Structure formats: structure tokens, C-alpha cells
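In what follows, a single structure is set out as C-alpha cells and then discussed.
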Amino acid sequence: MHLVMIGGSDAGISAALRAHELDPSAEVSVVVADAYPNFSICGIPYYVSGEVTHWRNLAHRTAADLEATGMRLRLDSTTRRIDAAARKLVVTAADGAEDVLAYDKLVVGTGALPVRPPVSGLTGAGALGPADGVHLLHSMGDTFALMRTLEESAPASAVIVGAGYIGLEMADALITRGLRVTQMEQLPEVLPTVDPALGQLVHDQLAARGAEVLTGTTVRQISRAAAGEGGRLQVEATAAGGTPVSRLADMVLVVAGVRPDTELAAGAGAALGARGAIAVDRGMRTSLPDVYAAGDCVVTHHRLLGETYLPLGTTAHKQGRVAGENALGGNREFAGSLGTQVVKIFDQAAARTGLRDHEAAAAGFDPVTVQSEADDHKAYYPGSHRITMRVTGDRATGRLLGLQLFGHKNAGIAKRIDIAAAAIFHGMTVDGISDLDLSYTPPLGSPWEAVQIGAQAWARQAQPEAQAPS
Ligand SMILES: Cc1cc2nc3c(=O)[nH]c(=O)nc-3n(C[C@H](O)[C@H](O)[C@H](O)COP(=O)(O)OP(=O)(O)OC[C@H]3O[C@@H](n4cnc5c(N)ncnc54)[C@H](O)[C@@H]3O)c2cc1C
């Protein structure tokens, strides 16, 4: 049995490791377009900031560690074509040599590509690129190009286009490196994956660290600045109401989201689904015989929404593991995502899981969202922090649908969101959260855990009749 994985990031490597774990005798090959298998691209902002001191430290495992498990890595090798009927791949090596690789089962883990928004100067002939100080960010190659600009041109200022979680992490990184940062976001508030009330708190953090934050601002054009201006590049945008905005900067970083990289699978005839991602069933099977797919290139099964597209590293690992197991003949299912995520912005963190109010309403629930605050631990013990919470539940059934959190990075934001993720996963009610037996000691918590306080605030407001003594 020869299993072949295309892609050497979270999905492809997870699939290969799982297959090897289950059957050490299975022949497993991983075809990777670059020379950086199993790198944690989620860690790129911390290498750029200097907190991770060498890019090699971003490797989850080294190539030698991976090969020691028995898998065969074909690095700098790009798969050009899948012939699903013949169960063969056409692969080109770095020197251009073409090779045909036969497989019994194939796992496609080609991931995502950064979106290049329709901005003049970014697309078409003569588009600006890394040599001009204009960067996109997804791969290790993109990271090396960005570091070259930072180290060789020593830019003093940057415009970041986009204020999603990667844009925010990069604002943190570039400000930590001493650059002046202007962040432009076309939506009304930064971090649009959380409610504007929490986005505003993130916005305030950026501003407090010296970033100029321009929300409701759509970038139209990036061009080379005239000599003698205060920056290499000129960024033209339109603010709300049509007001023109222009900024000079030494570099521009475009982080405007990702799209699934499906060219290879689609070219072989695989059916596509939400947002053009590869359609897969819960066992990560594509519409092609003996071809599985996982990670950022596939649709995401969401536990509350059904099929959607929600690319995250945590999901890619889980889907890859399912694909690797099933490629060996297993029958595992991906249990589904809740979109659980957390981001650190300087010394604060924002997190969400499940649905926000408008998403829940669109999915047919009767949502109510209640904002409240609590301390991360007893305030009499030094170092406590306030946590802002937004709990979303279904008015009719009391079911917990979502939680959003904002607070200090040492306030347990990531693990507190995971309480709600586990509760939503198992279909708990908001009221049921209060019954959970959670840990307590004054330096680390309170007798009523913060998330339980948030749940009680929700119940008081959304279901006051249920609060009366029975
Ligand atoms: C800066 C940054 C920060 C992030 N932070 C987080 C975070 O904090 N938490 C989180 O959950 N997620 C985060 N993510 C998202 C996460 O990294 C992705 O969801 C995850 O990497 C997806 O893994 P993947 O294996 O599906 O695809 P990718 O990581 O996109 O990898 C695709 C792989 O396929 C290879 N490939 C593509 N085409 C071919 C071909 N034709 N032939 C051979 N090989 C090919 C590529 O070389 C690569 O190895 C972050 C992403 C970035 C860029």
C-alpha cells in the first residue's frame, strides 16, 4: 500500500503521521512544493517580531525527525497533475525533472493561498512585489522575503492592509520591531471575526501602542512614491463617506485573508463546495476514487452551521489525521469545527467559539447575546485582570451557541474559550455551564469561574422567568 500526501504542512503531515502510527509498514510519501515540511506558519509573526530567534525554531519537527518515522519526503517537488483514473501524479523536482508517482491512496493537503485584493499595483502586469517592499504572507518563502526587506531596507514605516487576526499579529510584530504602523481595514472595526464591541477594545490596544488604525477604509492603489517623499510607497485609499486617504510608507503588507488552493484537485475533476474549496464528506473523501483531502483546501464541516469554509491550523491537523486513518482503510469522521480561535495583540488576547448573534440568527436560532465582565481570579490576590465576555445563547432552548472573550494574555483567555467550546460541542445549555465543576484557588480563579459568571448574566437577561424560585 503506497499512500501519497500532497502538501507538507499541518494537513499533509498529520495524515502521514497518523497513517504511520496505525501501520508502520505502510509506504508513505509526502510531496512538498518547498523545502519546509511541518513548519508552524502560525508562528511566523513571532519570528518577525524577534521573539522566536531563528526560523528553524518554527519547525514542529525537523525533516530528519519526520523521515525517522519512516515517511519519505520529496521536498522542492511540485505536483502538476493528478490522474485519478490511473492513480498517478506528475511531479516536477526543483531542477525541472518530471517524474510520475503511483499511489494506492492519495491525500491532498495543498492548503490555501493569500488573497490578492483588487488593488491597483498589486495585480496585473508590473504588479509591485517583495523587491519593492510589498508583501503577502503565507509561506516560509514569503517570510524570508519579508525578513529581507526588514533587514536590508530597514523600513521605518509600514502600512498593513487588513486587520484580521494575521494583520493584527503582524501589527504587533512590526511595532515590536520599532516600525510606525498604519493599519487599514475596510470593515467598520478591526478583528471582524468578533463583535465590534470587542473589536473596539482591540482597536484601543493598537492605538495605545502607537498604531494608526483606519477602519472603514478601502485601499485602492499602491504605487512607488516620488523620490524625496517620506517613504518608498504611496498607499491611496477611500474612507467611509468617500474621503480620500493617502499614506507614505517604506513597506506594505497585504493580509486580506486566504482562499483554498484547489487548482490541482479541481483539474483532476474533484467536486468543489463552499467558497470553492474541495468538497469532502466527514471522512475527508473527495468525489474522486481513492483521493482524500484535508486542511485549508477543503470545505469545513461546522457543528452548528453544516458545510462552510473556516481555514484554521487546529482544523487542518484534525482533518489530516482523519484522512490519514481512512486512507489506510479506517472509518473515522471529522467531528466538526466550532471556529474556536484566539489571538494575542500585545499583552491582550481576544477569542471566540461558536456563533455570533447574526450568524446564529441566519442559522435559524433565536439568539440573545449578553455582555458582562468578571475577574480572572480573586481581585484581592495581586495581578488580577478584568475579562469582557459576550455570551450568545438560544432564547427558546437556552442552548449555548457562542462565546467571545477579551482580556489580558495572562487571564486564561485561551483556556476559558475552550470551556465554552467543549460545552457547545456537547450541546450544553447556558444554564448548564453554572453546574460544571471547575477548579478554584484565589491566585488562579474564583469560586464562580468567570465563564460561569458570564453564563449567569446571560440567563438573568435572556430568561428572567427561569430565574424565579421553582
Ligand atoms: C501568519 C499565519 C498565522 C496563523 N496563525 C494561526 C493560529 O494562530 N491558529 C490557527 O489555528 N491557524 C493559524 N493559521 C492558519 C494555519 O496556519 C493554516 O490553517 C494551516 O497551515 C493549514 O494547513 P494546510 O496543511 O491545510 O495548508 P498550508 O499550511 O497552506 O500548506 C499547504 C502545503 O501544500 C504544499 N503544496 C501546495 N501545492 C502543492 C503542490 N502542487 N505540490 C506539492 N506541494 C504543494 C505547500 O508547499 C505546503 O506544504 C495561521 C496562518 C498564517 C499564515
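Counting starts at 1 for both ligands and their atoms, in listed order. Keep in mind it's a predicted model, so treat the numbers as computed, not measured.
In this view, His203 satisfies the ring-ring contact (aromatic ring centres under 6.0 Å, His included) rule with no residue, not counting sequence neighbours.
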Show the distances, to 0.1 Å, for all pairs joining an N/O atom of ligand 1 and a protein N/O atom that are shorter than 3.5 Å, listing one pair per line.
{"residue": "ligand 1", "atom": "11 (O)", "partner": "Gly313", "partner atom": "N", "Å": "2.9"}
{"residue": "ligand 1", "atom": "11 (O)", "partner": "Thr314", "partner atom": "N", "Å": "3.4"}
{"residue": "ligand 1", "atom": "12 (N)", "partner": "Gly313", "partner atom": "N", "Å": "3.0"}
{"residue": "ligand 1", "atom": "14 (N)", "partner": "Tyr165", "partner atom": "OH", "Å": "3.1"}
{"residue": "ligand 1", "atom": "19 (O)", "partner": "Asp296", "partner atom": "OD1", "Å": "2.9"}
{"residue": "ligand 1", "atom": "19 (O)", "partner": "Asp296", "partner atom": "OD2", "Å": "3.1"}
{"residue": "ligand 1", "atom": "19 (O)", "partner": "Leu312", "partner atom": "O", "Å": "3.4"}
{"residue": "ligand 1", "atom": "19 (O)", "partner": "Gly313", "partner atom": "N", "Å": "3.0"}
{"residue": "ligand 1", "atom": "21 (O)", "partner": "Asp10", "partner atom": "OD2", "Å": "3.3"}
{"residue": "ligand 1", "atom": "25 (O)", "partner": "Asp10", "partner atom": "N", "Å": "3.1"}
{"residue": "ligand 1", "atom": "25 (O)", "partner": "Ala11", "partner atom": "N", "Å": "2.9"}
{"residue": "ligand 1", "atom": "26 (O)", "partner": "Asp296", "partner atom": "N", "Å": "2.8"}
{"residue": "ligand 1", "atom": "29 (O)", "partner": "Ser9", "partner atom": "OG", "Å": "2.7"}
{"residue": "ligand 1", "atom": "30 (O)", "partner": "Ala112", "partner atom": "N", "Å": "3.3"}
{"residue": "ligand 1", "atom": "30 (O)", "partner": "His138", "partner atom": "NE2", "Å": "3.0"}
{"residue": "ligand 1", "atom": "34 (O)", "partner": "Gly109", "partner atom": "O", "Å": "3.2"}
{"residue": "ligand 1", "atom": "41 (N)", "partner": "Thr79", "partner atom": "O", "Å": "3.0"}
{"residue": "ligand 1", "atom": "42 (N)", "partner": "Thr79", "partner atom": "N", "Å": "2.9"}
{"residue": "ligand 1", "atom": "44 (N)", "partner": "Ala33", "partner atom": "N", "Å": "3.1"}
{"residue": "ligand 1", "atom": "49 (O)", "partner": "Gly8", "partner atom": "N", "Å": "3.0"}

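Between Glu212 and Arg247 there is a salt bridge, since at least one side-chain N of the basic residue sits less than 4.0 Å from a carboxylate O of the acidic one. The residues Asp290 and Lys105 are annotated as salt-bridged, a charged nitrogen and a carboxylate oxygen being separated by less than 4.0 angstrom. Classification of Arg282 and Glu307 as a salt-bridged pair fails, no side-chain N sitting under 4.0 Å from a carboxylate O.
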Side-chain atoms of residues 33-43: list all donor-acceptor pairs with protein atoms under 3.5 Å, sequence neighbours left out, distances to 0.1 Å.
{"residue": "Asp34", "atom": "OD1", "partner": "Tyr36", "partner atom": "N", "Å": "3.0"}
{"residue": "Asn38", "atom": "OD1", "partner": "Arg61", "partner atom": "NH1", "Å": "2.7"}

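Residue pairs meeting the ring pair (Phe, Tyr, Trp, His ring centres under 6.0 Å) criterion with at least one partner in residues 310-349, sequence neighbours excluded, are His60-His317.
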